[in-house]
Amino acid sequence: MKTINDFIIQPNIPSPIFTPDDWVSIDIEMFGMQRGKFHRPVGEFACLAVTNDGERVWVYKNVDDLGTFWRSIEYANLILQNASFDVYHLRRWIPFPPRESLHDTMLVERILYNGYYEDFSLKALARRYLKAYVEKDVAKEFEKATTLTDDKIEYNARDTIIQWRVAQEQMKLMKKSHRRVYYEVDLPAMWAFLDFKGPLIDTERWRQIAEENATTAECTFNKFQEKWGINVRSVPQLKKWFKEYLHIILESTGAEVLDSVSKKHPEAQEILDYRKIEKRRSTYGLSWLKKYVEEDGRVYTHYDPSRAESGRTASSDPNLQNIPVRDTPVFRECFIAGEGNILVGGDYAQQEIRCAAHLSQDKNLIDLLASGRDIYSEIASMIHGEKVEKDDPRRQAAKSVVLGTIYGLTYIGMARREGMSEEEAIALMDNFFDLFPKLRDWMTNQQRATEYVKTAMGRKCWLNPHNSQAIRNALNSPSQGSAADMMKIAVGLLHQRWDTNLEPFPAILQVHDELQLEVKEENAECAKELLRNCMMEAGERVIPSVKTVVDIKSGRHWGDVH
DNA sequence: GGAGACGGCGCC
DNA sequence: AAAGGGCGCCGTCTCC
């Protein structure tokens, strides 16, 4: 039995020219990386290890040899762990165009086991597949070191060995459906995300808003301090104060609880008002500018495809998928088009509902979604047997039922959220499901799932039987995950079809059902058409039985195009 | 002073 | 806080 220490570092580079039959595992190590900036050009090249058999390893120690390295792997199939990192940094020195034959052990593991495991690090994979314990202390040394040592080189070599051997095991486990999801959905999306450019920020406008918010928030904070003698940001102190002075025991100080007591205790409303401004100060304030906006005025988020158990993409450093929009559109208005450019955006209308319609094959819902009418008004009208207009509160209730349904809402939750009796909630939901019987059947069926559920593309989402949320995951993951499949396919298609002779790949933002581009004004029309085509084609591929609707807009800033 | 848990809340 | 899913980031608090 070979251990992960059974490998031989080859005395000389370069490595041989690998052939199209070779599977070559490569791993880069960097000096001076900082947390939160793994996707930025910081840090220096440390070394790079290569193996095509899981035993012999070539280690490149000089950045000047990377050109030679590139020629050796130009035709090979590649194996990487979290390829996005290695490719991003290698591109600082050598070309690294997208290639179809790349096995990313982390992405593949997510496709095999999202929801089943939580840890997709190389250390976890070594334990899982090779029954090997990997000491990661050396990895930390790279952060501060500037010179190579033998143990660092060995560490680098060992990682490529692990990757290579793990990949062999994963390939045995990958069925046709796994390969389809990986090669048609996640991998093309990964290549696309690597080429996203950073959106441009109207720094001065943001700063002005942020300064105002900071002043207001600090002033309010101090007033609470003076009046109440507590740090109002502290949940324990807040609870204690409410108990002592208002004689009320708060189970939580979350918005819903505070709102429920705010009629009787106006202090609760004061807290809620403060929390709003405090959120803007802390999360979307001056520190955001300082931390994330770079010298060119742009922010460079990191997209992690399939980070979520459902397969959704996540954004971080900064997270651009939770920039305020409801109460304060100003922040999105600070995402602007550069000189001579324009923003072009597309979003899927009722994306998750359409996914649910496809998955359940409910003909009534499919037909309604194809009709082009306002589905919430229509459903409310059908439930109540009379015309319900857009401003009728019964439309909102119907919307809650529809959206709640795909989140696994129960009648108790429905009653609570809509402020109705449980009987009313039961009646409303019953009436709703009477209209869409196959949706009801599908949901009943989903709840019976014990091991996993699947998206429309066949992506598995494993359920945790020890988690009380498993039932709601079973109801939601297929819709959420199918929508994520759709967006990733769209992003991949756009990336493949974008003509870089016009200008470099122009995508700047992906917010689940929304994709934004920043293009030269003269390219706006062809960008709109291509964006629509890619999004529509992805929709037709993932949910062929349901009409896909894409709204395309353009404008000077993000507020214009949402 | 850093790490991690927790509560809270921004978005889809 | 709860009988609505999925994230990431902030501040507080605790521990080391």
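So that the names make sense, note that chain A is the first sequence line, chain B the second, and so on, each numbered from 1.
Ion pairing between A:Glu309 and A:Arg110 fails under the 4.0 Å rule for side-chain N and carboxylate O. Salt bridge status for A:Lys239 with A:Glu244: absent, with no side-chain N to carboxylate O gap under 4.0 Å. Of the charged side-chain nitrogens involved, none lies within less than 4.0 Å of a carboxylate oxygen, so that A:Arg541 and A:Asp485 do not count as a salt-bridged pair. Taking a cutoff of 4.0 Å between a charged side-chain nitrogen and a carboxylate oxygen, A:Arg459 and A:Asp186 qualify as a salt bridge. One finds a salt bridge joining A:Arg395 and A:Asp374 here, because a Lys/Arg side-chain nitrogen approaches an Asp/Glu carboxylate oxygen to under 4.0 Å.
As judged by a 4.0 angstrom heavy-atom cut-off over every strand, A:Ser479 is placed among residues making no nucleic acid contact. A:Tyr411 comes within contact range of no nucleotide atom at all, as no heavy-atom separation falls under 4.0 Å. A:His562 comes within 4.0 angstrom of sugar-phosphate atoms only, judged by non-hydrogen atoms across all strands, and of no base. Residue contacts shown for A:Ala484 are absent, as no nucleic acid heavy atom lies under 4.0 Å away. Within 4.0 Å (heavy atoms only), A:Gln480 reaches at least one base atom of the nucleic acid. Within 4.0 Å of A:Ser315, counting heavy atoms only, lie sugar-phosphate atoms of the nucleic acid but no base atom. At a threshold of 4.0 angstrom between heavy atoms, the contacts of A:Arg472 are confined to the sugar-phosphate backbone, with no base atom among them. Across all strands shown, A:Gln351 has no heavy atoms under 4.0 Å from either base or sugar-phosphate atoms. Across all strands, A:Val257 comes closer than 4.0 Å to base atoms (heavy-atom distances).
Checked against C:dG11, C:dG5, B:dG8, the side chain of A:Arg312 finds its nearest nucleotide in C:dG5.
In terms of modelled atom types and a separation under 3.5 Å, the side chain of A:Trp558 and the main chain of A:Leu509 share no donor-acceptor contact.
OP1 or OP2 of C:dG8 has at least one side-chain nitrogen or oxygen of A:Arg307 nearer than 4.0 Å. OP1 or OP2 of C:dC13 has at least one side-chain nitrogen or oxygen of A:Ser234 nearer than 4.0 Å. Taking 4.0 angstrom as the limit, A:Gln321 places none of its side-chain polar atoms (N or O) nearer than this to OP1 or OP2 of C:dG6. Side-chain nitrogen and oxygen atoms of A:Gln469 include at least one within less than 4.0 Å of the OP1 or OP2 phosphate oxygen of C:dG5. For A:Asn231, a side-chain nitrogen or oxygen approaches OP1 or OP2 of C:dT12 to under 4.0 Å. Phosphate proximity of B:dG7 to A:Arg233: absent, as no side-chain N or O sits under 4.0 Å from OP1 or OP2. In this structure, A:Arg326 does not reach the B:dG10 phosphate: none of its side-chain N or O atoms is under 4.0 Å from OP1 or OP2.
Comparing A:Ser252 and A:Lys279 against DNA chain C, the residue whose closest nucleotide sits nearer the 5' end is A:Ser252. Residue order along DNA chain C, read from the 5' end via each residue's closest nucleotide, puts A:Gly413 first among A:Gly413 and A:Pro236.
At a cut-off of 3.5 angstrom, counting only N and O atoms as typed in the model, there is a donor on one side and an acceptor on the other between the side-chain of A:Asn322 and the base of B:dG10. In terms of polar N and O atoms assigned as donor or acceptor, the side chain of A:Glu256 never comes within less than 3.5 Å of the base of C:dA1 in a complementary pairing.
Straight-line distance between the C1' atoms of B:dA5 and C:dA3: roughly 25 Å, to the nearest whole Å. C:dA1 and C:dC13 have their P atoms separated by 16 Å, with the value rounded to a whole Å.
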